[in-house]
Amino acid sequence: MWPSKNNHFCELLHCYANQVAELDKMVSKLVFESYGVEKYHESHVGSVTYFLRLAKYRAPEQNETNLGVRPHTDKNFITILQQNEVDGLEVQLKNGSWIPVDFPPFSVVIMAGDAFSVWSNGRVHSPFHRVTVKGKGRYSIAQFAYCKKLVEAPTELVDDEHPLLYKPFDNLGFLGFISTDEGRKTQNPLKAYCGI
Ligand SMILES: O=C(O)CCC(=O)C(=O)O
Ligand SMILES: [Fe+2]
């Protein structure tokens, strides 16, 4: 595990990742329960794989744009984020406006990704978000939960009022798709990849 010669740091990160994974499982369990479909939770947990990313955003120079990460939706199921004391994460509302995310000290932000939207048959929204770095340097740590098995909406979440929106979804395959020419060009990669 990186960095290979700093065992203490590796252990800390590993411990952090395990705890965040527990939080991820709790959050997905609560959502599954809230939709009355907790019977699918164990199988979901068995299919999750995690990817941990540490980011350093340096403060922009005078003539530089202050954008840190371009607007995007996360492609995974759930993202759990923490940052140092420097804000910068912004989320787009459905009316198109951007709002800063308030990160009180030691708090976490839990964000739904496209795989969660597919699983919930569109009930859970995966928001567009971006990072804008202004004054000081910013650090963040994000753990992304991806699904290894095909993601399908439970039949309980599909009915006449909520027709099925997506075909069974290959989460890791979707990552491949968004890096193709077709995936890069399309306005709505999720719809292009598995929309009905
Ligand atoms: O650094 C952050 O706060 C968010 C980064 C992000 O949105 C991402 O890596 O997907
Ligand atoms: Fe993101």
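Atoms within each ligand, like the ligands themselves, are counted from 1 in listed order. As the structure is a computational prediction, the values presented were derived from the model and not from experiment.
Geometry note: the Fe ion (ligand 2) is the vertex, His129 NE2 and His72 NE2 are the arms, and the angle is 90° (rounded to 10 degrees).
Centroid-to-centroid, the aromatic rings of His72 and Phe128 stay 6.0 Å apart or farther. Taking the ring centroids of His44 and Phe77, they lie under the 6.0 Å cut-off.
For Lys39, the side chain to side chain donor-acceptor pair (under 3.5 Å) test picks out Glu156, with sequence neighbours left out. Residues that satisfy the side chain to side chain donor-acceptor pair (under 3.5 Å) test with Thr73, not counting sequence neighbours, are Lys75, Asp114.
The part of Arg53 lying near ligand 1 is the side chain, judged by heavy-atom distances below 4.0 Å. With a 4.0 Å cut-off on non-hydrogen atoms, Leu81 touches ligand 1 through its side chain and not its backbone.
Interface of His72 with ligand 1, defined as ligand atoms under 4.0 Å from a residue heavy atom, comprises 6 (C), 7 (O), 8 (C), 10 (O). Atoms of ligand 1 found under 4.0 Å from any heavy atom of Arg138 (numbered from 1 in listed order, with element): 1 (O), 2 (C), 3 (O). Of all atoms in ligand 1, listed by their number and element, those nearer than 4.0 Å to a heavy atom of Asp74 are 10 (O).
A donor atom on one side chain and an acceptor atom on the other are found under 3.5 Å apart for Gln82 and Tyr16. Looking only at atom types and distance, the side chain of Ser140 has a donor-acceptor partner in the side chain of Arg53 under 3.5 Å away.
Distance from atom 5 (C) of ligand 1 to its nearest protein heavy atom, with residue and atom name: Tyr57 OH, 3.5 Å.
The closest approach between His129 and ligand 1 falls below 4.0 Å for a heavy atom of the residue. Not a single heavy atom of Arg130 sits under 4.0 Å from any atom of ligand 1.
Distances from the Fe ion (ligand 2) to the N/O/S atoms of Asp74 are shortest for OD1.
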